[in-house]
Amino acid sequence: MLDIAFIRTECDQVKNAARAKGVDVDIDRLLDLDERRRKLITENSELRARRNDLSRAVRELRGGDRDQAIAESKSVGARVTEVERELAEVAAAFDELMLRVPSIPAPEVPPGESDADNLEIRRWSQPRQLDFPVRDHVDLAQALDLVDFSRPQAYAGSRSYALKGDGVLLEQAVLNFALNHVAAKGFVPVSPPVLVKEQALVGTGFFPLGYEDTYRLERDGLFLAGTSEVGLVSLHRDEILDEKRLPIRYVGISPCFRREAGAAGKDTKGLYRVHAFNKVEQVVLCRNDEAVSEQEHHGLLRNAEEIVQALGLPHRVALACAKETGLGQVRKHELETWMPSRNGYCETHSCSTLHEFQARRSKIRYRDQSGSLRFVHTLNNTAIASPRILIAILENYQNADGSVTIPGVLRPYLGGRSRLEPRGESGSR
RNA sequence: GGGGAGAUGGCCGAGUGGUCGAAGGCGCUCGCCUGCUAAGCGAGUGUGGGGUGUUAAACCCCACCGAGGGUUCGAAUCCCUCUCUCUCCGCCA
């Protein structure tokens, strides 16, 4: 959410942002509603002031004067009711529209229509040249007995899977490794609620646009969050923080749930696009200072790169173009990891700066040195998301004999073993 | 799931129809006092919105005592609904 005063004075900037991001929002209508809204508020205040005066008079007057004051107050009261009903309508439309106004992209964000227009920033390492037929992660996982797809899909639907055996150990290993890596930098680990109220999803900017992509538990009026970011940011909703506490840096770990409503038929095979997964997520709340949040952004990005590099996975970092930059995002970098079977770099991490967007919606503020209240800036980035990252690990580390080498940093989590061996072959484990 | 209690400012806590944005205390800020600290004294200390001004400040008004609705000339105070918290019983992990 943006400041309505900003939208008023910089409406061209806002319109441009909406156009560049492909967001459908009628700014002129919003401004019109804003004007009507303020008019009604003013009228309402004046009427109430009058009524307050009359009430005071009623107390002091006697006889006919008193009756007259009561009569007038009654009619003013009736008018108040009328104005308030109208105001409620206008305000509801105004509020609804406000939730759809995008953040202004940072100046460096390139224009563009699709991820093909994202700007590659850097690459790390080279994909291995494999001198044997490349197997995809589904084959590898099945040969190594790490995943069962068919049975879970029968009783849990499409995009379901069950990790088993070393698959579970491998997942726990990457999650643990990433969690420890970020926690070691002072990020406070949090395992937040993933079953949340609508307000948490509105507050973090996922609603209203992401409604269709979110699981809803109708009986209980709750939703399953698609990321722990929802719970982490909401931890401070309605709070006035002490500036000395900033920046607040969290590393969350939680299951994540996504309906993938708009992705029917896309990436249906394997572990790439699933309805439920686990993610270690970094979230930062910092001072309302663009330079500070930019710095935090790059810190988050660096952490993610360190993790992927420690895992030895070739990857690149790209700056998302305007169209790929979400409603609330000011800038977004994607970290894309090499996946041999897809013959490309695929998104495994997403690093976002949101400035005040979430803080305004969630009312997270702090008092600055001059004593005035400011909204914090928020940022987030993946640390690791599984099982998607397992694709990259299995495929990049596969060997000609069907075994998979375990990245060095994960070995301590897997009993010191260096390889995952196909079942039944070369017995060591 | 059933019963009971409660929700007031940063915190504690008064307040049952008007003079209450709200007593008192604690905390915090500033000043005085003090060789330092403590104590003491004095002043200040919520948020949101609208308007005037014009962007620095200042001023005026409106709203907010869990949320929403109702009664009333007027509600923190009365009525209804909801939410949340605590607690006892049951159930489960």
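Computed from heavy atoms alone, side chains included, the values below leave out hydrogens, waters and symmetry copies.
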For RNA chain B, find the residues of residues 232-246 of chain A with a heavy-atom distance under 4.0 Å and give them by number; none if there aren't any. none
Heavy atoms within less than 4.0 Å of RNA chain B: which residues of residues 26-43 of chain A have one? Give them sorted by number. A:Arg37, A:Arg38, A:Ile41, A:Thr42
By side-chain hydrogen bond (donor to acceptor under 3.5 Å, both in side chains) - contacts of A:Glu356 (at least two apart): A:Asn288, A:Arg360
For residues 357-396 of chain A, the ring pair (Phe, Tyr, Trp, His ring centres under 6.0 Å) pairs (sequence neighbours left out) are A:His355-A:His377
Detail all sub-3.5 Å separations between protein N/O atoms and N/O atoms belonging to nucleotides 15-20 of chain B.
from   : atom 1 : to      : atom 2 : distance (Å)
B:rG18 : O2'    : A:Arg59 : NH1    : 2.5
B:rG18 : N2     : A:Ser55 : O      : 3.1

Nucleotide forming a Watson-Crick or wobble pair with B:rU77, both distances under 3.5 Å: none
Considering only distance and modelled atom types, tabulate donor-acceptor pairs under 3.5 Å from the side chains of residues 185-202 of chain A, sequence neighbours left out.
from     : atom 1 : to       : atom 2 : distance (Å)
A:Lys185 : NZ     : A:Asn303 : OD1    : 3.4
A:Lys185 : NZ     : A:Glu306 : OE1    : 2.8
A:Lys185 : NZ     : A:Glu306 : OE2    : 3.4

For A:Tyr250, which residues count as a side-chain hydrogen bond (donor to acceptor under 3.5 Å, both in side chains) partner, sequence neighbours excluded? A:His236
Please give, in whole Å, the distance from B:rG74 C1' to A:Glu72 CD? 14 Å
Protein-proximity profile, nucleotides 53-59 of chain B, B/S/- by nucleotide at the 4.0 Å heavy-atom cutoff, equals -------
Complementary nucleotide for B:rA5 - Watson-Crick or wobble, under 3.5 Å: B:rU85
Go through residues 73-93 of chain A and report each residue with a non-hydrogen atom lying under 4.0 Å from RNA chain B, sorted by number. A:Ser73, A:Lys74
Taking only residues two or more places apart in sequence or in another chain, which ones pass side-chain contact (heavy atoms from CB on, under 4.5 Å) with A:Glu35? none
Which residues share a ring-ring contact (aromatic ring centres under 6.0 Å, His included) with A:His333, sequence neighbours left out: A:His297, A:His298
Calculate the interatomic distance between A:Arg367 atom CZ and B:rG48 atom P; express it in whole Å. 8 Å
Does B:rG31 pair with anything, Watson-Crick or G-U wobble, both distances under 3.5 Å, and if so, with which nucleotide? B:rC41
Please identify each residue that fulfils ring-ring contact (aromatic ring centres under 6.0 Å, His included) with A:Tyr272, with sequence neighbours left out. none
A:Leu373 CG to B:rU45 P, in whole Å, measures 16 Å
